[in-house]
Amino acid sequence: MDIMLVGGVSPMMRKLSLKLYKEGHKIYVLTGSRNPSNHFEYAFERYDFPYENASVEEVFRSVNPDVTILLGAFDGNLSGEDPKREAIRYAAGLQNILLSWSALEKGRLIYLSSAEVYGSSYQIPVTETIQPVPRGIRPLMLYQGEESCRFYQEKLKKDVVILRLDRLHDVPKDRREAAFGICQSKCLDAFHEGAVSYRRNYKYGLTYMGDAVESIYKLVSCEEHNHGLYHISSSKPYSELQIADAIEENLGKELEKLDNTLEDQRSVILSNERLKEEFGFHIWCEPEETIRKTIQYMKNHSGRFLDSSHPGWDIWHRIYFKTIGFLGALVPYIENLILFIPFFMLNNRATGSQYFSKIDFYLIYVLLFAVVHGQRQATFSALLATAGYLFRQMYNQSGLTVVTDYNTYVWIAEIFIVGLVVGYMKDQLQFMQEEKEQEVEFLSERVTDIGDINDSNLRVKEGLITQVVNYDYSLGTVYDLVEQLEEDQPAQILFHAITLIRNVMDCQDVSLYRINEEKYARLFGYTSAKAASMGFTVHLPDKDALYESFSRQEVYLNRTMDSHYPMMAYCIYDGDKMDMMILLWSIPFERMTIDESNRLTVISKLIQKSVKRSATYLDLLRNERYQKDSPALRAEAFEEVVYTYHEAGHKNLTEYILLQVFSAQMGMEKAGVIIGEILRQTDYIGYRNDGNLYILLTSTDRKGCGFVQKNLEKKGIFTVISEEMGL
């Protein structure tokens with residue numbers, strides 16, 4: 001096939017070109033610049049035109065490619081030195097390319113974007129259905145490119161494929177390549193400085209560049225595809241701390257690791273399920289292997305990654321760099337001496353010539369070096385010209401006559417004045433140019449900083465808007481809502497409390513556990529399967545992060561984004577004992593603030609107040625609720641409990657099993673005492689209106705129920721699952 005690659009020199013361009021070349025395709029390159037020094041090794045033909053050039057249409061018509069690949073996020077022309085100007089030029093050029101390609105009425109176009117378009121943080125792998133929210137000039141430029149391609153895809157029904165690539169890792173060949181990847185740049189920092197910084201709450205979906213190229217080729221060579229957008233990613237999260245640890249392991253010396261963790265969290269891992277299902281995806285190289293190879297390559301080719309001022313060089317390298325620097329400083333002087341010889345000869349020849357005797361070749365010589373090299377070389381060339389002039393005058397006159405001649409000093413003054421003035425002007429122009437470039441660089445950095453500050457301000461603004469929108473759930477209003485729990489029946493309070501927390505905290509995944517004296521937490525209720533993912537029973541000392549926060553009576557915040565822990569949690573104490581814990585699983589990272597923590601704390605304490613009031617009330621009615629000398633509830637009290645769990649089960653707030661005791665060798669009254677000794681503190685036993693004895697197993701499925709039934713059978717008590725439990 002004839003394949004057109006649109007982009008400048010970059011690692012992706014080289015890898016992709018090599019792959020296509022090995023597969024036997026003919027490669028054409030539209031470079032996007034007029035720089036002929038850029039090398040495209042495997043290109044059959046190259047076209048050095050800017051993207052917005054009118055000749056691009058002729059290029060596409062001439063090549064008539066079967067597949068066109070726009071490198072987009074991996075275009076070597078997008079250096080990032082002036083993001084705003086680059087974005088404007090690229091947007092204009094992209095429209096020209098798309099128009100020129102669409103006029104062919106042939107072939108497929110592939111646009112390479114990246115995970116940069118996702119400006120927010122996500123707790124789970126990002127699928128193609130999630131709408132990007134770009135933040136920053138470059139992400140916005142890439143997303144606009146996607147939208148332009150999507151227009152041709154959806155409105156004009158063209159064969160256009162958009163590929164979003166996750167963060168890539170590969171072995172860099174020099175300092176410039178090392179700056180374009182998170183793994184490579186941190187390897188360079190460690191190799192150059194002996195230190196690397198990391199942020200614990202920053203995670204990336206690192207993907208090997210070779211794997212990405214293989215996936216791109218599958219889209220190039222396939223006859224048809226089911227979707228217009230695919231994510232290319234390993235879908236494996238790696239934190240910056242993991243990267244730093246891998247670098248330290250392979251560096252062979254102690255590495256200074258700087259923890260720069262801030263509250264801002266960043267986690268974007270693309271999901272490759274769509275691509276994997278249709279084309280397959282194989283990981284050939286893990287980040288740890290790339291880091292190992294990168295460190296080894298840097299050690300073997302240190303000259304490509306370290307400059308002459310690096311303190312780690314040995315004595316011979318220092319001598320080498322000093323020699324090179326000294327010779328570099330001598331080059332203009334050597335050039336001056338060499339060019340003096342032909343000008344000296346020309347001046348000697350012109351002295352006796354009828355036509356050239358009026359030309360002052362020494363003045364031309366001094367002006368030439370003043371214009372090219374500035375004042376310093378103008379001074380040196382003026383000294384050489386003076387020496388040459390005096391030497392030539394001594395051919396016909398004595399030395400005393402020459403040095404006392406008035407015209408000699410006039411000529412010397414003329415040479416020095418002209419040379420020094422022109423050289424000074426050259427130096428000033430160069431200084432002004434450098435100053436301008438520094439100012440532009442400074443202002444560009446300020447624009448970048450302002451953009452970052454603006455993004456931060458937007459996040460703060462969104463947080464304040466959320467607080468204003470959620471003003472209905474201010475602390476005073478929350479107090480009024482919790483006070484309504486006073487009107488509930490004692491058994492209903494905690495189920496209503498779970499719903500209240502879900503609404504007030506704006507979190508759809510909430511669970512509540514009851515904690516016994518042995519620090520075992522038993523699931524009481526939950527609002528979703530995710531909220532119950534920690535299991536029916538949890539031994540708190542085994543959950544170090546939670547237990548440590550609970551021991552200090554603080555709100556637990558999952559700042560490391562560990563998927564095995566909730567995003568926020570709080571433990572309610574009854575005196576000095578842990579009584580209940582509330583787990584919130586789907587709070588966004590940006591809402592894990594002091595304000596939200598205080599709100600959860602206040603809600604929990606107000607709920608505790610209602611629970612304690614209910615417990616006190618039940619203790620007062622204990623003789624009326626329980627059978628005499630038995631843990632079994634009377635019919636009226638037990639029916640109330642069953643009804644409460646029945647309603648909670650229909651609302652998917654809990655799971656329970658209702659067992660009917662149909663046979664007991666020792667009689668029902670004694671059986672009730674034995675059952676009370678076997679059951680957990682959170683389970684219930686009692687009589688219903690039909691006069692039969694029942695057991696209510698809370699937070700239990702049929703599997704767990706089977707274990708209880710076997711234990712009861714060993715005691716001579718036989719049970720059957722009641723069909724009235726509503727499951």
Side-chain angles (χ1 to χ4, degrees), residues 1-10 12-13 16-17 20 26-38 40 43-114 116-117 132 134 136-165 216 219-220 228-229:
M1 288 192 298
D2 293 334
I3 299 179
M4 171 78 82
L5 297 180
V6 181
V9 175
S10 67
M12 175 61 77
M13 172 66 82
L16 198 54
S17 300
L20 296 173
K26 189 178 290 185
I27 303 169
Y28 300 84
V29 178
L30 176 60
T31 65
S33 68
R34 296 189 180 277
N35 186 0
S37 62
N38 291 334
F40 298 87
F44 176 76
E45 186 62 67
R46 57 181 285 177
Y47 300 93
D48 294 325
F49 298 106
Y51 299 145
E52 64 272 17
N53 194 289
S55 300
V56 169
E57 183 178 358
E58 295 296 330
V59 170
F60 273 94
R61 188 180 296 117
S62 174
V63 175
N64 197 24
D66 299 298
V67 178
T68 300
I69 303 177
L70 308 183
L71 265 70
F74 307 94
D75 192 335
N77 296 315
L78 304 177
S79 62
E81 294 178 358
D82 189 353
K84 189 173 183 180
R85 182 175 298 178
E86 286 179 359
I88 294 172
R89 289 192 60 186
Y90 187 77
L94 181 61
Q95 294 301 325
N96 188 34
I97 292 170
L98 292 173
L99 285 171
S100 302
W101 170 78
S102 63
L104 299 178
E105 298 292 340
K106 171 193 174 182
R108 177 179 299 158
L109 184 137
I110 299 175
Y111 176 78
L112 304 186
S113 184
S114 83
E116 297 175 65
V117 297
I137 296 176
R138 177 178 166 85
L140 186 59
M141 174 191 70
L142 297 177
Y143 184 62
Q144 286 178 338
E146 289 185 15
E147 290 298 301
S148 298
C149 293
R150 191 172 287 110
F151 173 81
Y152 286 83
Q153 176 189 92
E154 297 176 354
K155 303 299 182 182
L156 303 183
K157 306 302 179 183
K158 298 290 185 179
D159 188 1
V160 177
V161 182
I162 301 169
L163 302 180
R164 290 194 191 121
L165 279 66
I216 294 171
L219 270 299
V220 171
L229 172 64

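Looking only at distances, no side-chain donor or acceptor of R150 sits under 3.5 Å from a matching main-chain atom of V160. Looking only at distances, no side-chain donor or acceptor of D2 sits under 3.5 Å from a matching main-chain atom of N64. Remark: the backbone N or O of G228 is paired with a side-chain donor or acceptor of Q153 at under 3.5 angstrom. Judged purely by atom type and a 3.5 angstrom limit, R164 has no side-chain atom pairing as donor or acceptor with the backbone of V117. Under a 3.5 Å cut-off, the side chain of S10 and the backbone N or O of F74 do form a donor-acceptor pair.
The two atoms that bring L71 and G7 nearest to each other are CB-CA, 4.5 Å, heavy atoms only. Residue N77 comes nearest to G8 through the heavy atom pair ND2-N, 3.4 Å, listed as atom of the first residue, atom of the second, then distance. For the pair G72 and L78, the tightest heavy-atom approach, listed with the atom from each and the gap, is O-CD1, 3.5 Å. Between A43 and V29, the closest heavy-atom pair is CB-CG2, 3.7 Å. Minimum interatomic distance between Y111 and G145 (heavy atoms only, all atoms of both residues): OH-CA, 3.7 Å.
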Subject >> side-chain contact (heavy atoms from CB on, under 4.5 Å) between L5 and I3, intermediate numbers included >> reply: CA-CA 6 Å; L5 297 180; I3 299 179; 4.3 Å; yes

**OP:** Apply side-chain contact (heavy atoms from CB on, under 4.5 Å) to L94 and Q144, showing your working.
**Re:** CA-CA 10 Å; L94 181 61; Q144 286 178 338; over 6 Å; no

**OP:** Apply side-chain contact (heavy atoms from CB on, under 4.5 Å) to the pair S102 and K158, showing each step before the final yes or no.
**Re:** CA-CA 8 Å; S102 63; K158 298 290 185 179; 4.1 Å; yes

**OP:** Check the pair Y152 / L99 against side-chain contact (heavy atoms from CB on, under 4.5 Å), numbers first and verdict last.
**Re:** CA-CA 9 Å; Y152 286 83; L99 285 171; 3.2 Å; yes

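Within the structure, every pair that satisfies the ring-ring contact (aromatic ring centres under 6.0 Å, His included) test and touches residues 43-68, not counting sequence neighbours, is listed here: Y28-F44. Applying the salt bridge (Lys or Arg N to Asp or Glu O under 4.0 Å) rule to pairs touching residues 64-80 yields D66-K106, sequence neighbours excluded.
Listed by chain and number, the residues in a side-chain contact (heavy atoms from CB on, under 4.5 Å) with E57 are R61, S100 (sequence neighbours excluded). In this view, K26 satisfies the salt bridge (Lys or Arg N to Asp or Glu O under 4.0 Å) rule with no residue, not counting sequence neighbours. Among residues two or more places apart in sequence or in another chain, the side-chain hydrogen bond (donor to acceptor under 3.5 Å, both in side chains) test is passed with N53 by S55. E52 pairs by the side-chain hydrogen bond (donor to acceptor under 3.5 Å, both in side chains) definition with R89, not counting sequence neighbours.
The shortest side-chain heavy-atom distance between L104 and P65 falls under the 4.5 Å cut-off.
Interatomic distance, CG of L163 versus CG of L165, reported as 6.5 Å (0.5 Å rounding). A distance of 6.5 Å separates CZ in R108 from CD1 in I110, rounded to the nearest 0.5 Å. In this structure, CE on M141 lies 11.0 Å from CD on E146, to the nearest 0.5 angstrom. Atom CG of L140 and atom NZ of K84 lie 12.0 Å apart (nearest 0.5 Å). One distance of note links CG of L70 with CG of L109; it measures 4.5 Å at 0.5 Å rounding.
Each of V67, I27, L30, I69 was scored for a side-chain contact (heavy atoms from CB on, under 4.5 Å) with M4, with one residue passing: L30. For the side-chain contact (heavy atoms from CB on, under 4.5 Å) criterion with Y143, the lone passing option out of P134, S148, S113 is P134.
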